[in-house]
Amino acid sequence: MDEFDDEGDDVLASLLYTEVSSNPCEYSSNDDYSKSKEDNLPVYAEVVIPSSFPFPFEPYDIQKNFMAELYQCLEQGKVGIFESPTGTGKSLSLICGALKWLKDMQEKQKKELEALTTEQGDKENVFTNKDKNAEVDWIAEFVKRKEKEEQMKKVISEHELLKKQESKVKERRSSYHGKVKKRKKMEEDFDELIKGAAKEIQEAFNSEIDKVNSDVCDGNNQDNQDEDLIVQDYNSDDEKHDDKSDDEEEECHITKIYYCSRTHSQISQFVREVVKSPYGDNTQVISLGSRQNLCINENVKKLKSISLMNDACLDMQKSKSEKREELGEAKTKRRRKHPCKCPYYRQEAISELKEELLLEVRDMEQIVAKGKEMKACPFYGTRHGIPLAEIVALPYNLLLHKASREACGIKLEGNIVLIDEAHNLLETINNIHSVEVTGSQLLRAHSQLTQYEDRYRSRLKAKNLMYIQQILFVLSCLLRSLGGKAGVPGEKQFTGRAETKMCTANNFLFQAKLDNFNLFKILQYCKKSMISRKLNGFAEKYPNAEIAPKEDKKVTGNAGVLNFLRELTKPEDSQGRSPNVTPEVKSVENVVLRSPLMHIEGFLQALTNADSDGRIVVTKQTMLSQSSMKYLLLNPAVHFSDVLKEARSVIVAGGTMQPISEFKDQLFHSAGVQPARLLEYSCGHVIPEDHLLALSLGSGPSGYALDFTYQSRESRKLLDELGMLIQNVCQVVPGGVICFFPSYDYLKLVYTQWEESGFTQRIARKKRVFQEPRKSGQVDKVLAEFSTCIKNSSSGAASGTTGATKSLTGALLFCVVGGKMSEGINFSDELGRCVIMVGLPYPNINSPELKEKMDYLNANFKAGEDGRQPGQIHYENLCMKAVNQSIGRAIRHKGDYSSILLLDKRYSRKNVTGKLPSWIGKNLKSMDKFGLAMSSLSKFFASKKVAMG
């Protein structure tokens with residue numbers, strides 16, 4: 001996670017945002033559209049769709065339609081919802097369609113410049129030669145002229161920047177390969193010279209190299225003086241601070257595309273697709289990532305947490321002279337050691353790296369390699385390249401979190417935002433802006449800050465002492481709201497019986513006796529004084545000076561952004577259900593926080609949001625250290641509205657975007673986007689219709705009803721019926737079979753019963769059985785063994801395999817909805833000839849957070865056309881989004897084929913089938929009798945065996 005500070009202006013904006021604005025999003029001034037004063041809606045010029053799009057091969061018809069719709073959406077400045085199944089070339093369609101528009105727009109800007117320059121002279125003559133007798137509204141005329149002048153200045157500035165960049169890129173590209181060859185030859189000549197030199201010269205050279213390397217800070221410098229830990233003088237609450245250094249110039253940004261995806265690996269995959277496209281040689285692409293991915297300083301990389309990496313990096317950016325200036329001449333008479341400056345943080349080298357990155361499209365690994373080669377920081381090199389980049393690829397959190405966005409220098413005004421893999425966008429926004437604080441964190445922060453104040457009281461100004469006392473008071477109030485008190489170790493504090501209660505932010509502040517406190521000023525002080533960073537350094541230097549609870553070696557409550565970056569796997573909730581289908585934020589791993597004050601600041605920041613946009617969940621456990629309080633965001637639109645207002649056009653795309661109504665209602669309409677600005681596009685799959693067999697089954701082989709509701713899914717008869725059904729399917733389906741269960745606990749229950757009743761052994765005669773592991777580190781091993789088994793079984797006869805292995809027809813893999821294999825894993829061709837979904841994975845209806853979310857939707861949104869409440873619709877949507885992601889693991893390309901079996905009688909309902917992807921839903925057949933389903937399954941694979949030779 002990149003460093004960022006909570007801006008006071010952001011806090012103020014959040015407080016003033018008492019309700020979602022009904023006004024439509026505003027646009028930056030452009031010639032291709034203007035605004036109507038009557039309804040404030042954009043009035044578009046007619047869009048001319050290109051007859052063809054550059055593509056690396058002949059595109060499918062659905063790809064042509066996709067690019068045409070995308071081009072129209074970008075040209076008109078609309079908000080688009082694009083659905084294209086995985087395997088249909090969605091990434092290439094996004095790249096080629098968007099870059100075609102961008103290149104056309106750049107050409108249009110050049111023509112606009114010429115037209116505006118000519119038009120300015122004509123307008124001067126027209127304005128000065130008007131009939132003096134006519135009534136002229138000179139004020140309106142003057143305003144129009146000023147607007148036109150400002151517009152022309154903007155176009156000229158951007159055009160000149162683009163022209164300068166193009167000439168610079170051409171010049172560097174022409175000389176790039178020559179310089180590389182010349183440098184390589186010089187290095188070879190130098191090596192030869194050193195080899196032939198005298199022994200004394202070689203030793204002197206090696207000695208000089210060792211001396212240079214010794215200047216690199218080893219990260220273990222324990223001689224930091226306490227002056228580094230003292231907060232700077234805080235003179236005035238109203239004083240304006242300039243966060244930018246004097247030598248930092250504001251660079252003009254060209255129009256660009258911001259591409260967002262969930263993980264760094266998906267971003268790298270997108271960049272590789274750009275390289276394959278026709279635009280790979282003439283497009284400037286920059287990939288942004290966290291320090292964990294881009295830092296090349298080994299001493300920083302070895303730190304365990306992102307926050308520590310951020311602090312170490314920022315501290316190493318300051319030179320010794322800068323340290324002395326901060327401390328004052330009186331305090332620097334004695335010679336002291338200070339943290340070494342990072343050898344890779346050199347402005348000249350970073351600038352050169354930026355230019356190199358803009359010359360050639362590189363993924364994240366190649367960027368890191370280039371940074372090591374040039375001894376320049378890739379983290380800052382990529383950020384310096386943002387203004388001149390045409391495509392900026394970045395993870396979700398950098399775009400969706402305003403403070404992170406501003407810290408990176410991301411400017412959305414007039415630019416394009418493409419959000420890929422956006423099926424969980426609502427949940428992602430909620431997770432990023434939801435914050436949980438535990439009792440152990442509050443105790444630790446209070447203890448550390450108390451010791452800090454006691455140690456440095458005589459050296460702190462009165463204003464600093466006042467604010468530190470206020471922070472301590474706030475921490476004490478938060479502890480009391482959990483039933484504890486400060487100054488007592490957590491293992492000695494008991495809160496009584498466990499309970500959970502929920503309230504609004506205003507009620508929580510009133511109950512905690514913080515309603516009269518100005519949290520804005522406290523947060524501003526924390527930001528400007530960097531007290532959390534000072535406290536982190538204090539805790540590092542004096543680890544034994546605090547009254548820390550024993551069990552607080554590791555904590556599980558993470559800030560939303562920190563939790564998002566660590567969300568590599570998703571554990572289950574207490575009911576054994578997948579959190580991927582609930583709105584709850586789950587911590588994936590225990591994170592060491594030396595000082596949790598910065599994390600607590602995030603919680604205080606959340607308390608300044610509008611009262612109606614979130615809730616506070618107070619969970620009391622028997623022990624105080626295990627109790628927690630959490631800010632739960634209920635209105636994701638409030639944090640997405642800035643993106644919609646600033647960007648020219650926003651595109652959300654994914655393989656399965658159903659149900660789309662949730663995006664429109666909870667995100668776009670709530671953020672003020674009017675229906676006229678929305679554009680929807682959904683296409684089918686590239687495969688022929690006979691390559692997919694989708695069946696829903698209401699009963700098993702013996703006719704027993706398949707009812708996997710929470711009340712009846714543990715029935716022994718039902719589990720035996722499921723075992724016979726799976727056994728029959730494995731007899732017919734070749735290759736791999738993927739079977740999804742609602743939770744790990746239910747999978748364990750089914751597997752244990754099948755072991756006792758012998759179903760597992762009988763299935764293993766045809767398919768080797770694998771289970772999805774709970775630990776992420778074991779996933780690759782299981783997938784490798786699963787793949788190897790299928791390959792060996794398909795070639796067993798040819799290789800002469802004998803015995804039990806020869807009789808295998810493939811493998812069966814048990815997976816969990818919302819687990820490690822339900823998203824991002826491709827089971828193409830023989831790996832996934834059949835995908836089975838057991839039941840409907842509804843989330844835990846007893847979750848207090850889910851109940852609150854449903855109540856919020858019921859109170860703020862209209863009922864559906866069928867009369868159902870918005871909360872109930874949301875509950876069903878969570879389930880169906882998880883189903884769609886799971887069954888989409890198969891059929892990954894045009895020549896692939898597979899079958900999908902939905903096992904539950906509820907799959908025959910219209911409200912369920914209507915939320916399946918269109919390419920699956922329209923082909924879904926409901927089977928009342930199992931025999932008919934098996935007959936269809938046998939004929940399907942028999943026909944494919946004949947067709948494939």
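Just so you know, these numbers use all the heavy atoms, side chains as well, and skip hydrogens, waters and symmetry mates. Computed from a prediction, not measured in an experiment: that's the story for all the values here.
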Between [X] (side chain only) and [Y] (backbone N and O only), is there a donor and an acceptor less than 3.5 Å apart?
X      : Y      : answer
Gln441 : Thr438 : yes
Asp613 : Asn609 : no
Asp420 : Ser261 : no
Asn858 : Gly871 : yes
Asn424 : Glu427 : no
Gln885 : Ala882 : no
His874 : Pro870 : no
Ser268 : His264 : yes
Lys630 : Val618 : no

For the atom pair [atom1] ([X]) and [atom2] ([Y]), what is the distance rounded to the nearest 0.5 Å?
X      : Y      : atom1 : atom2 : result
Ile391 : Tyr258 : CD1   : OH    : 12.5 Å
Gln269 : Ser265 : CD    : OG    : 7.5 Å
Gln448 : Leu443 : CD    : CG    : 11.0 Å
Asn507 : Met502 : CG    : CE    : 13.0 Å
Asn635 : Leu426 : CG    : CG    : 10.0 Å
Asp665 : His669 : CG    : NE2   : 6.5 Å

Subject >> Ring centroid separation Phe603 to Tyr631 under 6.0 Å >> reply: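 No; Tyr631 has its ring centre 6.0 Å or more from that of Phe603.
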Original post:
Could you go step by step and tell me if Gln511 and Ser481 meet the side-chain contact (heavy atoms from CB on, under 4.5 Å) rule?
Top reply: CA-CA 7 Å; Gln511 294 169 9; Ser481 67; over 6 Å; no
Side chains of [X] and [Y], heavy atoms from C-beta outward: is any pair under 4.5 Å?
X      : Y      : value
Leu418 : Cys260 : no
Gln621 : Thr619 : yes
Ile471 : Cys526 : yes
Val617 : Glu852 : no
His253 : Glu413 : no
Asn884 : Met657 : no
Ile410 : Leu288 : yes
Val417 : Glu646 : no

Original post:
Under 6.0 Å from the six-membered ring centre of Phe379 and within 45° of its axis: does the NZ or CZ of Arg383 meet both?
Top reply: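 So Arg383 does make the cation-pi contact.
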Subject >> Within 45° cone of Tyr396 ring axis and under 6.0 Å: Arg262 NZ or CZ >> reply: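 Judged by the rule (NZ or CZ under 6.0 Å from the ring centre, within 45° of its axis), Arg262 is not positioned above Tyr396.
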**OP:** Go through the structure and list residues passing side-chain contact (heavy atoms from CB on, under 4.5 Å) with Asn860, not counting sequence neighbours.
**Re:**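 For Asn860, the residues satisfying side-chain contact (heavy atoms from CB on, under 4.5 Å) (neighbours in sequence not counted) are Tyr856.
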Subject >> Nearest atoms (heavy-atom pairs only) where Leu94 meets Leu70 >> reply: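 Looks like O-CD2, 3.7 Å.
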**OP:** Please name all residues satisfying side chain to side chain donor-acceptor pair (under 3.5 Å) with Ser627, sequence neighbours left out, ordered by chain then number.
**Re:**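 If we apply the side chain to side chain donor-acceptor pair (under 3.5 Å) test to Ser627, skipping adjacent residues, there are no hits.
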Flag the pair [X] and [Y] as a salt bridge only when some basic side-chain nitrogen lies within less than 4.0 angstrom of an acidic carboxylate oxygen.
X      : Y      : result
Glu680 : Lys664 : yes
Glu849 : Arg615 : no
Glu421 : Lys90  : yes

**OP:** Apply side-chain contact (heavy atoms from CB on, under 4.5 Å) to Lys78 and Leu678, showing your working.
**Re:** CA-CA 6 Å; Lys78 291 189 175 184; Leu678 279 176; over 6 Å; no
Subject >> Result of checking Asn397, Leu394, Asp642 against Arg405 for side-chain contact (heavy atoms from CB on, under 4.5 Å) >> reply: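 The option that passes is Asp642.
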**OP:** Any chance you could lay out the salt bridge (Lys or Arg N to Asp or Glu O under 4.0 Å) test for Lys527 and Glu601, step after step, and finish with the verdict?
**Re:** CA-CA 9 Å; Lys527 174 185 179 294; Glu601 287 176 20; over 6 Å; no
**OP:** For Thr428 and Asn431, test the side chains for any donor-to-acceptor distance below 3.5 angstrom and give the result as yes or no.
**Re:**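 On atom types as modelled, these side chains do not qualify, holding no pair under 3.5 Å.
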Original post:
Is it the case that Ser628 and Glu436 place a side-chain donor and acceptor less than 3.5 Å from each other?
Top reply: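 Short answer, yes.
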Original post:
Can you list the steps and then say if Ile81 with Leu679 is a side-chain contact (heavy atoms from CB on, under 4.5 Å)?
Top reply: CA-CA 6 Å; Ile81 306 173; Leu679 186 149; over 6 Å; no
Subject >> Chi angles and distances behind the side-chain contact (heavy atoms from CB on, under 4.5 Å) call for Ile416, Lys256 >> reply: CA-CA 6 Å; Ile416 304 301; Lys256 59 177 55 48; over 6 Å; no
